Amino acid sequence: KRIEDSSKPYVAAIMGTCLGGGLEVALSCHYRVAVDNASTVLSAPEVMLGLLPGAGGTQRLPPLVGLPDALDMMLTGKNIKSSKAK
């Protein structure tokens, strides 16, 4: 919440795997930049254990990617390639 509410801009630079809590921190940043290569993936794998993203991911993801894609990520735990990420 402190990152999201900060008056200073925060930028998340994503290269490689960005999973679970790391994804939620990236979602709280004002801007996100991801490297477009095969090893860069975004995911919420905790849902495969029956857990929901707990650091605000369920509230931050839908406005950024749209409700259908957000539900797909949050309910299945699928890896999303950086080329597909918006």
Side-chain angles (χ1 to χ4, degrees):
K1 186 80 175 147
R2 286 182 12 190
I3 293 173
E4 190 174 40
D5 293 338
S6 174
S7 61
K8 296 178 183 177
Y10 279 78
V11 178
I14 303 166
M15 181 176 174
T17 55
C18 184
L19 307 175
L23 176 62
E24 295 191 49
V25 169
L27 290 174
S28 70
C29 292
H30 299 105
Y31 303 99
R32 288 149 298 281
V33 179
V35 174
D36 188 13
N37 66 21
S39 67
T40 301
V41 294
L42 302 110
S43 178
E46 61 268 25
V47 299
M48 292 188 283
L49 299 172
L51 304 170
L52 289 175
T58 56
Q59 291 81 30
R60 292 183 182 115
L61 194 58
L64 294 173
V65 302
L67 187 57
D69 290 332
L71 285 173
D72 187 40
M73 273 185 83
M74 291 186 293
L75 297 176
T76 65
K78 288 182 188 173
N79 287 345
I80 305 298
K81 299 281 185 187
S82 62
S83 58
K84 186 181 177 205
K86 298 178 182 180

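Residues: numbered from 1 along the sequence shown. From a predicted model like this one, the values you see are computed outputs, not experimental measurements.
Cluster annotation: V25 is not connected to L42 through the hydrophobic network of ILVMFWY side chains, with a link wherever side-chain heavy atoms come within less than 4.5 Å. Transitive grouping of hydrophobic side chains (ILVMFWY, heavy atoms separated by less than 4.5 Å) brings V33 and Y31 into a common cluster. Clustering ILVMFWY residues whenever any of their side-chain heavy atoms sit less than 4.5 angstrom apart, transitively, puts M73 in the very cluster that holds L64.
When every heavy atom of E24 is checked against every heavy atom of R60, the shortest pair comes out as O-NH1, 4.1 Å. Shortest non-hydrogen contact noted between D72 and K78 is OD1-NZ, 3.6 Å. I3 and C29 make their closest contact through CG2-CA, 4.0 Å (heavy atoms, listed as atom of the first residue, atom of the second, distance). The minimum heavy-atom distance between A44 and L23, with the atom names listed, is N-CD2, 4.4 Å. L27 approaches R32 most closely through the heavy-atom pair O-NH1, 3.5 Å.
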Subject >> Test side-chain contact (heavy atoms from CB on, under 4.5 Å) applied to V41 and K81, step by step >> reply: CA-CA 5 Å; V41 294; K81 299 281 185 187; 4.0 Å; yes
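Side-chain contact check for H30 versus V11: every heavy-atom pair is 4.5 Å or farther apart.
Although no hydrogens or angles enter the test, the distance criterion places no donor-acceptor pair under 3.5 Å between the side chain of T17 and the main chain of L19.
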